[in-house]
Amino acid sequence: MNAFELISMSKGLNLGNLFDVEQEFKRETRFTSKCPANEIIHKIEEAAKPLGFDVHKKNYKLRLENMKAGRKGNLNVATEIFQVAPSLHMVEVRKAKGDTLEFHKFYKNLSTCLEDVVWKTEEDMQEK
């Protein structure tokens, strides 16, 4: 990961919206966590299995594969965990295959299960 990728992950500094006008629904999302990587992996696994996903792990990458076919085939989600600082991880969740709207529905369910893992800034806490 280089400095430009790290800058683009910051809400305030991300200029992607200026260039991606046509893309209404994102195919990937990111969140940060102060939990250890193994705990993040375990929580994602715990959250994905009840939603009908098969989980394949390799190092700090997960491939979540929905066994039930949706509108555009099976939804596959790729997840990768990056260590940004000794006590801070960035988790990238992206649609690898399938319908983008199904991905959004899946991510909404996943994120509610991961509320205790996702690190929220003071600004995020005030928005609620």
Exercise for the section: Taking the side chain as every heavy atom from C-beta outward, state whether Phe31 and Val93 have any pair of such atoms under 4.5 Å apart. Expected result: yes

Practice task
May I ask you to test the Thr79-Val91 pair for a side-chain heavy-atom distance under 4.5 Å?
Solution key: yes

Problem - Under 3.5 Å donor-acceptor, Asp54 side chain and Glu65 backbone - result: no

Handout entry: Glu45 side chain vs Ala48 backbone, donor-acceptor pair below 3.5 Å
Key = no

Nearest-0.5 Å distance, [atom1] of residue [X] to [atom2] of residue [Y]:
X	Y	atom1	atom2	value
Ile40	His89	CD1	NE2	5.5 Å
Cys35	Asp116	SG	CG	7.0 Å
Glu46	Leu110	CD	CG	11.5 Å
Arg63	His56	CZ	NE2	4.5 Å
Ile81	Glu92	CD1	CD	11.0 Å
Lys43	Glu115	NZ	CD	11.5 Å

Problem - Check against ring pair (Phe, Tyr, Trp, His ring centres under 6.0 Å), Phe106 and Phe53 - result: CA-CA 10 Å; Phe106 162 77; Phe53 283 79; 4.5 Å; yes

Where do [X] and [Y] come nearest, in terms of heavy atoms and distance?
X	Y	result
Lys34	Leu88	CG-CD1, 4.2 Å
Ala37	Tyr60	CB-CE2, 3.4 Å
Lys49	Val55	CG-CG2, 4.1 Å

Quick check on the hydrophobic clustering: are [X] and [Y] connected, directly or via other members, by side-chain heavy-atom contacts under 4.5 Å?
X	Y	result
Met90	Ile44	no
Leu64	Val118	yes
Phe82	Trp119	yes

Exercise for the section: Output, in order, the C-alpha distance, side-chain angles, deciding distance and verdict of side-chain contact (heavy atoms from CB on, under 4.5 Å) for Arg27 and Lys95. Expected result: CA-CA 5 Å; Arg27 295 184 176 133; Lys95 178 189 76 127; 4.1 Å; yes

